[in-house]
Visitor: 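The following block contains the structure, expressed as structure tokens.
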Amino acid sequence: MLTIWGRLNSHNVKKIAWIAQEIGLPHQRIDMGGKFGFTGQYLAMNPNRLIPTIDDDGFVLWESNAILRYLAARHAPHLWPDDPKQRGRADRWMDWQFQFADAQRDAFLGLVRHKPDRRDADAISRSAAAAAGLMHILDAELARQPWLTGANFGIADVPMGVYAYTYFTIPIERPDLPNLAHWYARLTARPGFAAQVMIPLS
Ligand SMILES: N[C@@H](CCC(=O)N[C@@H](CS)C(=O)NCC(=O)O)C(=O)O
């Protein structure tokens with residue numbers, strides 16, 4: 001039995017809850033972090049004071065993208081390309097997500113997490129523009145192949161899929177990027193994405 005620790009309104013926890021549903025892995029999720037705080041037992045597993053952490057039949061792991069790779073390798077190898085070049089190209093988008101998250105952070109915090117009187121409009125608009133700028137790069141990749149993993153959906157679609165939900169949900173200006181929009185529409189049709197990712201942001 002897989003256990004996932006972490007509140008579901010966390011980008012990094014959503015990745016794991018979504019992939020568990022994609023794989024069809026029976027699992028339980030225990031709220032942790034944010035308003036739930038951290039227990040001593042949790043911090044003994046993950047001293048970073050961050051979520052998510054998993055326990056898969058006694059194997060404990062943290063770092064969301066490492067967890068995605070582990071779960072695919074153990075339970076769903078078809079979701080992670082075997083060929084080293086295809087894998088490298090897919091993995092790149094998983095790591096690139098952290099660059100995107102940095103760019104979108106101020107817009108997300110300002111528009112979702114902060115109260116209106118704490119909003120920094122300049123920081124929000126700089127962040128929104130930076131996020132939109134990076135989406136041009138993703139759009140170009142999605143013009144070459146249907147999924148970030150390659151010909152088929154896989155774990156490389158998950159990190160940016162989660163951040164794309166935020167990008168398409170917060171009230172910011174978005175350029176017209178048809179390949180990105182088409183990929184995102186196909187994600188929203190996946191039951192795991194709809195159930196685990198498309199939840200209220202706050
Ligand atoms: N690199 C880590 C980052 C984890 C992280 O920053 N998690 C955030 C939530 S998305 C967190 O734990 N924030 C503190 C909290 O929720 O209390 C990963 O990918 O797992």
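Numbering of ligands and ligand atoms starts at 1, following listing order. Atom set for the values below is all heavy atoms of this structure, side chains included, hydrogens, waters and symmetry mates excluded.
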Visitor: Please list the nearest protein heavy atom to atom 20 (O) of ligand 1 with its residue and the distance rounded to 0.1 Å.
Guide: S64 N, 2.9 Å
Visitor: Is any side-chain heavy atom of H11 less than 4.5 Å from a side-chain heavy atom of Y165?
Guide: no
Visitor: When you compare the side chains of D157 and W183, does any donor N or O come within less than 3.5 Å of an acceptor on the partner?
Guide: yes
Visitor: Considering only non-hydrogen protein atoms, determine which one is nearest to atom 10 (S) of ligand 1 and report residue, atom name and distance to 0.1 Å.
Guide: S10 OG, 3.1 Å
Visitor: Indicate yes or no: does an N/O atom of N65 lie under 3.5 Å from an N/O atom of ligand 1?
Guide: no
Visitor: What residue and atom, counting heavy atoms only, is the protein's closest point to atom 1 (N) of ligand 1, and at what distance?
Guide: E63 OE1, 2.9 Å
Visitor: May I ask you to establish whether R174 and F168 are in a cation-pi arrangement, using a distance under 6.0 Å from NZ or CZ to the six-membered ring centre and at most 45° from the ring axis?
Guide: no
Visitor: Among K15, E22, Q21, which residue meets the side-chain contact (heavy atoms from CB on, under 4.5 Å) test with Q196?
Guide: Q21
Visitor: So is R7 polar-close to ligand 1, meaning N/O to N/O under 3.5 Å?
Guide: yes
Visitor: Just go through G6, G34, G37 and tell me whose heavy atom is the nearest to atom 15 (C) of ligand 1.
Guide: G34
Visitor: Mind checking whether W93 and I137 have side chains closer than 4.5 Å, heavy atoms only?
Guide: yes
Visitor: W80 ring centre to R87 NZ or CZ under 6.0 Å, with the angle to the axis within 45°?
Guide: yes
Visitor: Is G33 in polar range of ligand 1, meaning some N or O pair under 3.5 Å apart?
Guide: no
Visitor: Are Y70 and F59 close enough that their ring centers fall under 6.0 Å?
Guide: yes
Visitor: Find out whether M160 and W96 are in side-chain contact, i.e. whether some heavy atom of one side chain is under 4.5 Å from a heavy atom of the other.
Guide: yes
Visitor: Run the numbers for me: atoms of ligand 1, each under 4.0 Å from some heavy atom of P52, listed by number.
Guide: 20 (O)
Visitor: So which heavy atom in the protein is nearest atom 8 (C) of ligand 1, and how far is it from that ligand atom?
Guide: I51 O, 4.0 Å
Visitor: Is there a heavy atom in F36 that sits closer than 4.0 Å to ligand 1?
Guide: no
Visitor: Which protein heavy atom lies closest to atom 3 (C) of ligand 1, and at what distance to 0.1 Å?
Guide: N12 ND2, 3.7 Å
Visitor: Could you check whether R190 makes a cation-pi contact with W18, meaning its NZ or CZ is under 6.0 Å from the centre of the six-membered ring and within 45° of the ring axis?
Guide: no
Visitor: With heavy atoms under 4.0 Å as the rule, classify the contact between F38 and ligand 1 as side chain, backbone, both or neither.
Guide: side chain
Visitor: Going by heavy atoms, is M32 under 4.0 Å from ligand 1?
Guide: no
Visitor: Going by the atom numbers of ligand 1, which of them fall below 4.0 Å from some non-hydrogen atom of F98?
Guide: 1 (N), 19 (O)
Visitor: When you compare the side chain of L79 with that of T149, does any pair of heavy atoms fall below 4.5 Å?
Guide: no
Visitor: Starting from atom 11 (C) of ligand 1, what is the nearest protein heavy atom, named by residue and atom, and what distance separates them?
Guide: L50 CD2, 3.5 Å
